[in-house]
Amino acid sequence: MSGMKVVVRAERPVRVKADAIAIGLFSDGNPSASFTQLNTALGGVLADMRQRGEIRGREREVSVLPGGRRVAAKRVIIIGLGERANLHPSSFARFAGLAVRAAATRTLSSVAIALPEPLPFAADAAVENAAEGAVMATFNPAPYRSKPNGKPDAVSTVTLVVEKAAAVKSLQQAADRGVILGNAANQVREMVNLPSNDMTPTHLAQRAKAFAKKHGLKVTVLDRAEMKRLGMGSMLSVAAGAEQPPKVIVLEYRGDKSSKTTLGLIGKGITFDTGGISLKPALDMDAMKGDMAGGATVIGAMGAIAQLKPKANVIGIVMATDNMPSSKATKPGDIVRAMNGKTIEITNTDAEGRLVLADGLCYARKLGATHLVDIATLTGAAVVALGNTTTGVMANDRQFVDLFHEATAPYGERYWELPLFPEYADLIKSSIADMKNSGGRAAGTIYGAMFLKEYVEDAPWIHLDIAGTSWTDSDAAHIAKGPTAVAMRPLVKLAELVSGKGLHAKADEAAYQRLTPSVTLSSHNGVATGSRRRK
């Protein structure tokens, strides 16, 4: 976890003492007050560079200059913000992340970041995102290198510079929140990035226990015998071929004893996925160490929720196991029984994520969860349908999914709803059991969700398929190449929004199918991932 300190100060940018002062430059319109002040202090050099086209304000453009005698900072970092009309709270995560990474490559330890005021939205949203981006920029994507390339955590102090002294106290609270969320995101990214020999189900459970002890969560870890006693035949069918013992990890936060609403977060925790007997091709199989991204996201979200202490009740469940081929492994054609008694014909052992989540959803209901969100790197079909920039959303209740979209709004992540029309259930019909786990090539993402829908009873439920968005193969501002921790921050925000909303106790499927989907899209400059990873 980053030990970075983020503070908010009202100060003229030219007077801030730091190793570097970072300012934003738009590609259109008049420059900000901070640009004007620094340009004057530097004898007009910034305006000259802009006129000559050396700095244009293009999105993610970075230039570094000496500070000069009339500037308290040793360096001036100019970050391109693109068009002013496209400014979004998440723009400040990229702004701060780029500033921190530029400073880190020069081993500068303190950075001041001047926010380009006035803003077209609440300043606390900008400050929270800036703090998150600064912290997330310290993530080390290559922890196993004996000689690290650079020091991503070289920056220890970030000062967010604002104009109004009266706003500093409230904005510092927003920055503190951003640090919590940024650290939680980095912890998710670290777990997903570790190889499967260092991130077994047992290791994942140990991480969860450490989180619980540190943040005051109740934790329970079920072993194979307890899963068998509970009737988790679907989960155990995936774990059958694995030498590493499976774990069901349960984290509980109780922040509102008077509420009848409990949010259940269920994460797929396949710590390595070979495909089982339906073995995957060798190409890119190493990427399957990240098939537990959903589970890691749940652990990270629960840790952040415990620190932020919303008035809500939340249960996090991670279904953790390897999916391996062996003489004991489940075979195509086998029939297994899930915790709710429904039978499943296994037609493809590489469609294992829905099998572990099925029992996870049942168990969440048993523990009292009234509203469910599962998150998983579930299908390669999600990548085919939506590419690597957008997370697939499927649900059974309009009110609940609209609340989730509200939760995503500050973070600039892209989500798109796919339909769950009743006709799609035909794809998972079995001639020998209640259903089958794979329905062929057509609508793969949708029928994966249709399968899971069979295990939520009448609870409002959302399914997030992050197969295309959990990993990026390119650096994108504050997100270095590697895991992205997508959806973690929205899940934390959702937990905060659930309280006092008067949510439906039962899913209204008819209303969900009848109304036009409400989707969340950031401005055009959202993070694009472009990953080779496939489920």
Side-chain angles (χ1 to χ4, degrees), residues 89-90 121-122 124-125 128-129 173-174 177-178 180-181 184 217 251-267 297-298 300-317 361 364-365 367-375 391 393-413 415-417 420 449 452-453 456-464 486-522:
S90 63
F121 39 76
D124 58 351
E128 178 192 318
N129 269 275
Q173 293 174 343
R177 173 187 171 86
I180 288 171
L181 291 172
L217 293 164
L251 296 165
E252 297 182 59
Y253 169 81
R254 301 291 177 180
D256 188 2
K257 294 182 180 179
S258 65
S259 176
K260 295 181 181 179
T261 299
T262 297
L263 176 64
L265 306 177
I266 302 92
T297 300
V298 168
M302 291 300 295
I305 288 166
Q307 293 174 79
L308 295 171
K309 295 179 170 52
K311 191 176 181 182
N313 302 316
V314 190
I315 299 172
I317 298 177
L361 290 163
R365 291 290 279 155
L367 293 177
T370 59
H371 294 72
L372 305 170
V373 181
D374 73 75
I375 178 167
T391 294
V393 180
M394 287 136 279
N396 65 357
D397 184 80
R398 173 54 50 199
Q399 183 194 30
F400 189 37
V401 80
D402 281 350
L403 192 65
F404 173 75
H405 288 311
E406 182 181 341
T408 69
Y411 303 113
E413 297 172 354
Y415 297 85
W416 194 265
E417 286 182 40
L420 290 182
L452 294 174
K453 184 171 171 287
V456 303
E457 300 176 358
D458 58 359
W461 156 78
I462 299 167
H463 165 61
L464 302 176
V486 68
M488 191 220 74
R489 292 172 294 166
L491 289 180
V492 175
K493 187 68 173 179
L494 179 64
E496 295 173 323
L497 293 175
V498 160
S499 178
K501 286 291 184 178
L503 293 174
H504 300 316
K506 294 184 178 181
D508 188 347
E509 294 188 41
Y512 177 77
Q513 299 295 0
R514 186 168 60 248
L515 298 180
T516 302
S518 170
V519 299
T520 297
L521 286 177
S522 69

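- For the atom pair CG (Asp458) and OG1 (Thr370), the distance works out to 10.5 Å, reported to the nearest 0.5 Å.
- The closest donor-acceptor contact from the side chain of Glu406 to the backbone of Asp402 lies at 3.5 Å or more, if one exists at all.
- The one candidate from Gln399, Arg398, Glu417 that meets the side-chain hydrogen bond (donor to acceptor under 3.5 Å, both in side chains) condition with Tyr512 is Glu417.
- Taken from CG in Leu464 to OG1 in Thr391, the straight-line distance is 7.0 Å, to the nearest 0.5 Å.
- One N or O on the side chain of Tyr253 and one on the backbone of Pro310 form a donor-acceptor pair closer than 3.5 Å.
- Under 4.0 Å is where a charged nitrogen must lie from a carboxylate oxygen, and between Lys453 and Asp374 no such pair does.
- The backbone N or O of His504 sits less than 3.5 Å from a side-chain atom of His371, completing a donor-acceptor pair.
- Expressed to the nearest 0.5 Å, how far CG of Leu494 lies from CG of Leu265 amounts to 7.5 Å.
- Listed by first and then second residue, the salt bridge (charged side-chain N to carboxylate O under 4.0 Å, His left out) pairs involving residues 492-503 are Arg177-Glu496 (not counting sequence neighbours).
- Side-chain N or O atoms of Asp256 include none that pairs as donor or acceptor with a backbone N or O of Asn313 at under 3.5 Å.
- With rounding to the nearest 0.5 angstrom, the CG atom of Leu372 is 8.0 Å from the CG atom of Leu263.
- Not a single donor-acceptor pair under 3.5 Å links the side chain of Thr408 to the backbone N or O of Pro490.
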Test log, rule side-chain contact (heavy atoms from CB on, under 4.5 Å), inputs Ile317 and Leu367: CA-CA 10 Å; Ile317 298 177; Leu367 293 177; 4.2 Å; yes
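- Remark: aromatic rings of Phe404 and Tyr415 are close, center separation under 6.0 Å.
- Here the CZ atom belonging to Arg365 is positioned 13.0 Å from the CH2 atom belonging to Trp461, to the nearest 0.5 angstrom.
- Without hydrogens or angle criteria, Asn396 side chain to Ala459 main chain gives a donor-acceptor distance under 3.5 Å.
- Of the possible polar contacts, one joining the Gln513 side chain to the Leu420 backbone as a donor-acceptor pair under 3.5 Å is found.
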side-chain contact (heavy atoms from CB on, under 4.5 Å) evaluation trace for Thr262 with Ile315: CA-CA 7 Å; Thr262 297; Ile315 299 172; 3.8 Å; yes
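- Under the salt bridge (Lys or Arg N to Asp or Glu O under 4.0 Å) criterion, Glu252 pairs with Lys218, Arg254, not counting sequence neighbours.
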